Amino acid sequence: MLIYKIKNFLSCQFTGLHFSFWIIFICACFLVTIPTFYTQDFWINFFIAILGLSYAFFAGAKKTICHIFGIFYAILSIILSFEIKLYAEMLLNIFYLFLNTIGFFLWSKNQNSTQTQITIQNLPHSLTFIYLFVILVLSILHGFILKNFNASFAFLNSLTLFLQIFALFLQVKRYIQNYLFITLANILTLYIWIEFVFVDSKYIFQFLNTLIFLFIGIYYYWQWSRK
């Protein structure tokens with residue numbers, strides 16, 4: 001019975017994905033994983049990159065399986081963050097692990113009639129502005145904390161952080177506006193990496209990686225808004 005349910009779930013998750021989806025997904029995986037060959041922890045960085053892209057593409061395709069990719073992405077990121085002592089990043093990924101676990105069950109309960117995609121919803125304009133205001137306030141407060149530690153782009157980095165957190169929360173709730181928030185975050189992150197690239201060209205891979213995710217966010221915002 002369990003094997004049948006798993007088989008049926010996987011069948012539904014890979015149904016309706018066009019050939020163009022797979023071509024773009026494979027090309028994006030190739031581009032994003034190139035930098036991992038130059039890292040010390042190659043395998044863990046390689047799988048983190050693949051799982052991150054899998055999450056982004058399958059979430060955009062409204063497939064519940066994206067949260068399984070997200071769960072494994074968060075677990076590997078927690079391990080890597082712990083090893084290199086990035087404890088703030090580790091806590092953030094614990095939060096992502098929690099949200100992806102909830103997201104899997106919420107998305108499983110909100111499927112279309114064929115059980116192949118989730119149903120999506122629109123966030124009222126008033127709530128969108130409230131969320132953006134809360135993000136701005138939290139970013140300013142967090143930015144002052146980072147500034148005390150001489151962090152680079154303290155306020156801008158804080159703003160991208162909270163935009164990403166709220167974007168994931170909205171995605172779990174199946175709101176179209178999650179792609180608006182993540183696109184704003186990627187635009188700001190892109191600016192940060194451009195500044196770093198002017199200082200040292202070694203950051204070009206982070207810039208290209210962010211650029212790819214920016215295009216993914218814009219494309220799926222357009223796709224979700226059409227429905």
Side-chain angles (χ1 to χ4, degrees), residues 1-33 36 43-81 92-123 164-183 212-213 215-227:
M1 189 69 176
L2 179 61
I3 295 175
Y4 171 77
K5 285 184 177 180
I6 293 173
K7 185 179 178 181
N8 185 56
F9 170 75
L10 291 175
S11 175
C12 291
Q13 295 308 298
F14 292 100
T15 297
L17 297 173
H18 298 293
F19 180 72
S20 58
F21 170 91
W22 292 110
I23 293 296
I24 297 170
F25 173 66
I26 291 169
C27 289
C29 285
F30 176 75
L31 290 173
V32 168
T33 53
T36 64
W43 284 112
I44 190 167
N45 281 299
F46 176 82
F47 282 114
I48 285 174
I50 293 294
L51 288 167
L53 268 179
S54 299
Y55 173 82
F57 272 89
F58 282 87
K62 308 188 195 80
K63 300 292 187 178
T64 306
I65 198 172
C66 74
H67 290 293
I68 294 178
F69 294 130
I71 287 168
F72 284 106
Y73 169 86
I75 291 171
L76 289 181
S77 297
I78 290 167
I79 293 170
L80 183 63
S81 300
L92 180 62
N93 280 294
I94 290 173
F95 176 72
Y96 285 165
L97 176 61
F98 172 72
L99 272 187
N100 272 295
T101 304
I102 293 175
F104 176 79
F105 291 104
L106 288 179
W107 280 34
S108 297
K109 293 178 180 178
N110 292 278
Q111 301 287 306
N112 61 9
S113 57
T114 58
Q115 299 293 304
T116 56
Q117 288 184 327
I118 58 160
T119 56
I120 56 177
Q121 53 186 345
N122 228 325
L123 188 69
Q164 289 171 343
I165 290 173
F166 275 75
L168 182 55
F169 170 75
L170 291 177
Q171 193 166 66
V172 165
K173 301 289 287 182
R174 299 171 293 107
Y175 285 115
I176 295 170
Q177 285 72 17
N178 82 85
Y179 282 109
L180 176 63
F181 282 46
I182 200 63
T183 297
I212 290 170
F213 278 98
F215 286 137
I216 293 171
I218 292 172
Y219 174 73
Y220 281 122
Y221 179 67
W222 173 67
Q223 284 288 318
W224 282 38
S225 297
R226 290 172 58 202
K227 304 299 180 182

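Owing to the predicted nature of the structure, the values given are computational and were not obtained by experimental measurement.
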Point to revise | Steps toward side-chain contact (heavy atoms from CB on, under 4.5 Å) verdict (Ile218, Tyr221) | key: CA-CA 5 Å; Ile218 292 172; Tyr221 179 67; 5.8 Å; no
Roughly how far apart are [X] [atom1] and [Y] [atom2], rounded to 0.5 Å?
X      : Y      : atom1 : atom2 : value
Gln177 : Thr183 : CD    : OG1   : 11.5 Å
Phe215 : Ile212 : CZ    : CD1   : 9.0 Å
Ile165 : Leu99  : CD1   : CG    : 9.0 Å
Ile176 : Ser225 : CD1   : OG    : 5.0 Å
Lys62  : Arg174 : NZ    : CZ    : 12.0 Å
Tyr73  : Tyr96  : OH    : OH    : 7.5 Å

Check: [X] side chain, [Y] main-chain N or O, donor-acceptor pair, under 3.5 Å:
X      : Y     : result
Trp107 : Lys63 : no
Tyr179 : Gly60 : yes
Asn100 : Leu97 : no
Gln117 : Ala61 : yes

Exercise for review: Before giving the answer on side-chain contact (heavy atoms from CB on, under 4.5 Å), spell out for Leu80 and Leu76 the whole-Å C-alpha distance, their side-chain angles and the decisive distance to 0.1 Å.
Suggested key: CA-CA 6 Å; Leu80 183 63; Leu76 289 181; over 6 Å; no
Review point. Parallel, tilted or perpendicular: which fits the ring planes of Tyr220 and Phe57, with parallel below 30° and perpendicular above 60°?
Key: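 Perpendicular: the ring planes of Tyr220 and Phe57 meet at over 60°.
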Check your understanding: Do the ring planes of Phe95 and Phe98 sit parallel (below 30°), tilted (30 to 60°) or perpendicular (above 60°)?
Key ->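 Answer is tilted, since the angle falls between 30° and 60°.
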Exercise for review: Show your reasoning for whether side-chain contact (heavy atoms from CB on, under 4.5 Å) applies to Ile182 and Gln164.
Suggested key: CA-CA 6 Å; Ile182 200 63; Gln164 289 171 343; 3.8 Å; yes
Practice item. Given side-chain contact (heavy atoms from CB on, under 4.5 Å), test Gln171 with Leu168 step by step and report yes or no. Key: CA-CA 5 Å; Gln171 193 166 66; Leu168 182 55; 4.2 Å; yes
Heavy-atom closest contact ([X] atom, [Y] atom, distance):
X      : Y      : result
Ala56  : Ile216 : CB-CG2, 4.2 Å
Asn178 : Trp224 : ND2-CZ3, 3.6 Å
Ala59  : Cys66  : N-CB, 3.4 Å
Phe181 : Ala167 : CB-CB, 3.8 Å

Under 3.5 Å, side-chain donor or acceptor atoms of residues 10-25 against the rest of the protein: list the pairs with distances, not counting sequence neighbours.
residue, atom, partner, partner atom, Å
Gln13, OE1, Thr64, N, 2.8
Gln13, OE1, Ile65, N, 2.9
Thr15, OG1, Ser11, O, 2.4

Practice item. Compare all side-chain heavy atoms of Phe58 with those of His67 and state whether any distance is below 4.5 angstrom. Key: no
